[in-house]
Every structure is written in C-alpha cells, then in structure tokens.
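Notes follow once the structure below has been shown.
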Amino acid sequence: MLLHRNNQIFSRHWVVEVAALSEEQREVALLDRSAKVQAFAGSGKSTSLLGYCQEHDKERILYLCFNRPNKLQFQRRIKNAGLHHVSVE
C-alpha cells in the first residue's frame, strides 16, 4: 500500500521522493494508463518507471529491456523495493 504525504510516496519498503523527480517523471509515475516512454540514455526512464510501479501496486506490470545489464539492474531495483507485481524481461 502506498501513502502520499508531503510530496513523497511511501511504501513499506522504501521512499521515493516525488519532489526529486522532474515534472515529466512525475507525469509518468502518476499516469493512469499504459504508456510508451522514449528518451535519451541517462534521462531517468528507469526512475520514472520505478515511481510508476510504486504508484500502481495493484496492477501487473511488464518491463521489457533490450539489453542484459539494464534488465539485471532493474530486477535488483524492483526486488529491493519489494515490488512483486512487476516482471522484467
């Protein structure tokens, strides 16, 4: 369960500072529909997706990666966050 307080999203495992996200990242994290995000390397796509996954903890989410290092890194981030409703392939 997620609680919103003082511009933070709280889960029982960790906290994502919503205020630390850019305006575009917040928009992605708070979307109520599927989306395709295209951006340059290092622009924060994975951080945006992590915020989205925390916000939508009642939905099953599939994250498709196109290289093994990104897949392994995001799998660790999802596991550390305790987000069991997310599959990374």
Side-chain angles (χ1 to χ4, degrees):
M1 174 160 186
L2 300 176
L3 303 172
H4 300 269
R5 217 175 354 191
N6 300 327
N7 285 334
Q8 295 179 345
I9 298 175
F10 292 86
S11 80
R12 57 190 176 134
H13 298 283
W14 69 313
V15 177
V16 170
E17 293 278 345
V18 175
L21 298 176
S22 70
E23 182 178 333
E24 293 86 0
Q25 288 173 315
R26 276 194 302 277
E27 288 177 18
V28 170
L30 299 175
L31 283 173
D32 60 356
R33 59 180 170 76
S34 296
K36 177 181 175 183
V37 177
Q38 289 183 294
F40 293 106
S43 62
K45 295 178 296 294
S46 294
T47 301
S48 300
L49 180 61
L50 200 53
Y52 180 89
C53 293
Q54 286 187 298
E55 181 66 25
H56 297 86
D57 63 340
K58 302 288 187 239
E59 299 176 26
R60 290 175 40 200
I61 297 172
L62 173 62
Y63 177 44
L64 297 175
C65 295
F66 295 100
N67 66 55
R68 186 167 171 78
N70 286 355
K71 176 184 175 182
L72 296 175
Q73 180 186 36
F74 201 74
Q75 284 175 327
R76 280 191 300 273
R77 291 177 77 180
I78 291 296
K79 181 180 178 183
N80 291 341
L83 300 173
H84 304 291
H85 64 289
V86 181
S87 296
V88 182
E89 297 297 330

At their closest point, which heavy atom of [X] faces which heavy atom of [Y], and how far apart are they?
| X | Y | value |
| --- | --- | --- |
| His85 | Asp57 | NE2-CA, 3.5 Å |
| Ala29 | Gly51 | CB-C, 3.8 Å |
| Val28 | Tyr52 | O-CD1, 3.2 Å |

What residues form a side chain to side chain contact (heavy atoms under 4.5 Å, CB included) with [X], not counting sequence neighbours?
| X | result |
| --- | --- |
| Asp32 | none |
| Glu23 | Arg26, Glu27 |
| Val88 | Tyr63, Cys65, Lys71, Phe74, Gln75, Ile78, Val86 |

Rounding to 0.5 Å, atoms CG (Leu30) and NE2 (His56) come to a distance of 7.5 Å
Item checked: CG-CD distance between Leu31 and Glu55, expressed to the nearest 0.5 angstrom ->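 Output value for this atom pair is 10.0 Å.
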Transitively linked via ILVMFWY side-chain contacts under 4.5 Å: Leu83 with Ile61? yes
Under a 3.5 Å distance rule, please check whether Gln25 uses its side chain to pair with a backbone N or O of Thr47 as donor and acceptor.
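No: the side chain of Gln25 does not pair with the backbone of Thr47.
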Show which residues join Leu64 in its hydrophobic cluster (side-chain heavy-atom contacts under 4.5 Å, direct or indirect), or state none.
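In the cluster with Leu64 are Leu62.
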Joining Ile, Leu, Val, Met, Phe, Trp and Tyr whenever any side-chain heavy atoms lie under 4.5 Å apart, the cluster holding Phe40 also takes in none
